[in-house]
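The structure's right below; bear with me while I get my questions together.
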Amino acid sequence: MEFDALQYTRDDDGIVVLTINRPDALNALNTAVMDDLDRAFRTARSDDAVRGVVLTGAGEKAFVAGADIAQFPDLDAVSGHRFAARGQAVFNRIEQMTKPVVAAVNGFALGGGCELAMACHLRVASEQAQFGQPEVNLGILPGYGGTQRLPRLVGHGIATELLLTGQRIGADRAHAIGLVNRVVAPDALLDEARALVGTIASKAPLAVAMALQALRASDQPLADGQRYEAALFGQACATDDFQEGVDAFLNRRSPEFSGA
Ligand code: COA
């Protein structure tokens, strides 16, 4: 798969590793990266051989150090609005993937980089990772969903502090507040992220997809979310993999899921 601004590799287990590849600019998100990200996730979504995605940044220093500030001087009210809406749409499509997407955060995840990590389903961080939403230092606010996803992940109070001070936090603090799921040594990062995708990929694929759909509805009123959950539960009960999973349990064997 050919991309200009990222590397796309798929291993024999069907796990795609997407590496944003602008290390000289700390993998800042310019138009080329955003276009490639969108195309890469569309490719991964439609390829039946793909079971999940690990997203990371090239080099040892950064996951993504934010949107490309070099592109900012040209923004005005109209183009700024368009810029944010486009980024939100790309990130929403990542979040809406029905296969697991794990961010392997290898260094700075600032601004749009933190927002990108939050659009992934799970986050594994290297001990060297640093997170933050420093947009207030530039006279803006996050525009790729950060003001919405950060409070959902870490709670309103801590999100308010991070968004208003622009402070950077390390991996341990990010773990303590629930921003990342796991913290590992830098050289264990990719293996850990791959293993996490592999674990999820070994489960019933439709059940995983439906759980992701239901989770996305968790910001709706409880009754609406529960109605949706019950409808999905009914759909899950109609799958072959439900029969297989229950039969395997009752007969004390490992299930062999077909994805149907
Ligand atoms: N956009 C464009 N270029 C960026 C960038 C960004 N968000 N972040 C880093 N870079 C570039 C730098 O301009 C520099 O390029 P150069 O070598 O051509 O001068 C290169 O990446 C290395 O960055 P540098 O600042 O020299 O590294 P550092 O170790 O001193 O500092 C950071 C690292 C991440 C603290 C610092 O680069 C930074 O604050 N970046 C901006 C973070 C930010 O505000 N993101 C939100 C944007 S909305």
Side-chain angles (χ1 to χ4, degrees), residues 3-7 18-38 55-92 94-95 103-120 123-154 158-175 177 179-180 183 186 189:
F3 294 94
D4 293 330
L6 53 80
Q7 293 162 359
L18 281 183
T19 309
I20 298 173
N21 194 22
R22 290 188 75 206
D24 292 347
L26 303 189
N27 302 319
L29 302 171
N30 61 7
T31 306
V33 175
M34 293 300 273
D35 288 349
D36 275 3
L37 266 180
D38 205 19
L55 177 62
T56 193
E60 295 180 355
K61 207 167 158 184
F63 172 69
V64 167
D68 189 339
I69 299 170
Q71 294 188 330
F72 281 8
D74 294 335
L75 292 180
D76 59 20
V78 173
S79 59
H81 185 178
R82 205 179 300 131
F83 174 90
R86 156 84 174 143
Q88 288 173 4
V90 173
F91 286 13
N92 286 347
I94 295 174
E95 188 177 56
V105 182
N106 51 311
F108 290 116
L110 303 177
C114 190
E115 293 172 291
L116 178 58
M118 290 193 288
C120 297
R123 286 149 292 284
V124 180
S126 126
E127 290 159 350
Q128 294 171 356
Q130 288 195 43
F131 297 80
Q133 298 287 167
E135 286 87 348
V136 285
N137 296 321
L138 297 167
I140 48 175
L141 69 161
Y144 290 172
T147 63
Q148 305 305 302
R149 289 197 175 96
L150 190 59
R152 284 169 167 79
L153 271 173
V154 306
I158 293 171
T160 303
E161 184 181 345
L162 292 173
L163 289 166
L164 300 192
T165 65
Q167 76 188 86
R168 296 206 296 257
I169 58 170
D172 287 340
R173 171 100 175 113
H175 186 246
I177 64 175
L179 182 54
V180 301
V183 179
L189 181 68

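In listed order, ligands and their atoms are each counted from 1. Since the structure is predicted, the reported quantities are computational estimates derived from the model, not experimental observations. Counting from 1, the numbers follow the sequence of the chain as shown.
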> Would one find an N or O of I69, backbone or side chain, under 3.5 Å from an N or O of ligand 1?
Replying inline: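 Yes.
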> At what distance is the nearest protein heavy atom to atom 11 (C) of ligand 1, and which residue and atom is it?
Replying inline: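 Result for atom 11 (C) of ligand 1: A25 CA, 3.9 Å.
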> For ligand 1, which atoms, with element, lie under 4.0 Å from some heavy atom of K61?
Replying inline: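 Atoms satisfying the 4.0 Å criterion: 27 (O), 28 (P), 29 (O).
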>> If we count only non-hydrogen protein atoms and require a distance under 4.0 Å, does atom 33 (C) of ligand 1 qualify as touching the protein?
In response: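 Yes, at least one protein heavy atom sits under 4.0 Å from atom 33 (C) of ligand 1.
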>> Surrounding CZ of R86 (heavy atoms of other residues, nucleotides or ligands, distance under 6.0 Å), is the total greater than 12?
In response: yes
> Which of the atoms in ligand 1, numbered in the order shown and given with their element, are less than 4.0 Å from a heavy-atom of L110?
Replying inline: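 Those of ligand 1 that fall under 4.0 Å from L110 are 34 (C), 42 (C).
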> For A67 and ligand 1, does the shortest N/O to N/O distance drop below 3.5 Å?
Replying inline: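 Yes; the residue has a nitrogen or oxygen that sits under 3.5 Å from a nitrogen or oxygen of the ligand.
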>> Within the 4.5 Å heavy-atom criterion, are S79 and D74 side-chain neighbours or not?
In response: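 A side-chain contact is absent here, since even the closest heavy-atom pair is not under 4.5 Å.
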>> Please determine whether any non-hydrogen atom of R168 lies less than 4.0 Å from an atom of ligand 1.
In response: yes
> Should R123 and L153 count as side-chain neighbours, where that means a heavy-atom distance under 4.5 Å?
Replying inline: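 They are in contact (side-chain heavy atoms under 4.5 Å apart), so the answer is yes.
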> Any idea which atoms of ligand 1 are less than 4.0 Å away from a heavy-atom of P134?
Replying inline: 43 (C), 44 (O), 45 (N), 46 (C)
>> Checking Y144 against L29 for the side chain to side chain contact (heavy atoms under 4.5 Å, CB included) test, could you report, in this order, the C-alpha distance in whole Å, the side-chain angles of both residues, the deciding distance, and whether it holds?
In response: CA-CA 11 Å; Y144 290 172; L29 302 171; 4.2 Å; yes
> Would you say ligand 1 has an N or O under 3.5 Å from any N or O of A65?
Replying inline: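 For ligand 1, there is an N or O atom that lies under 3.5 Å from one belonging to A65.
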> For the residue pair N27 and I20, what are the closest heavy atoms and their distance?
Replying inline: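 The answer is OD1-O, 3.1 Å.
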> For ligand 1, is any non-hydrogen atom under 4.0 Å from D24's backbone (N, CA, C, O), its side chain (CB onward), both, or neither?
Replying inline: backbone
>> Below a 4.0 angstrom heavy-atom separation, can you tell me which part of E115, side chain or backbone, both or neither, approaches ligand 1?
In response: neither
>> For atom 37 (O) of ligand 1, what's the nearest protein heavy-atom neighbour? Residue, atom name and distance, please.
In response: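 Ranking protein heavy atoms by distance from atom 37 (O) of ligand 1, first comes L26 CD1, 3.7 Å.
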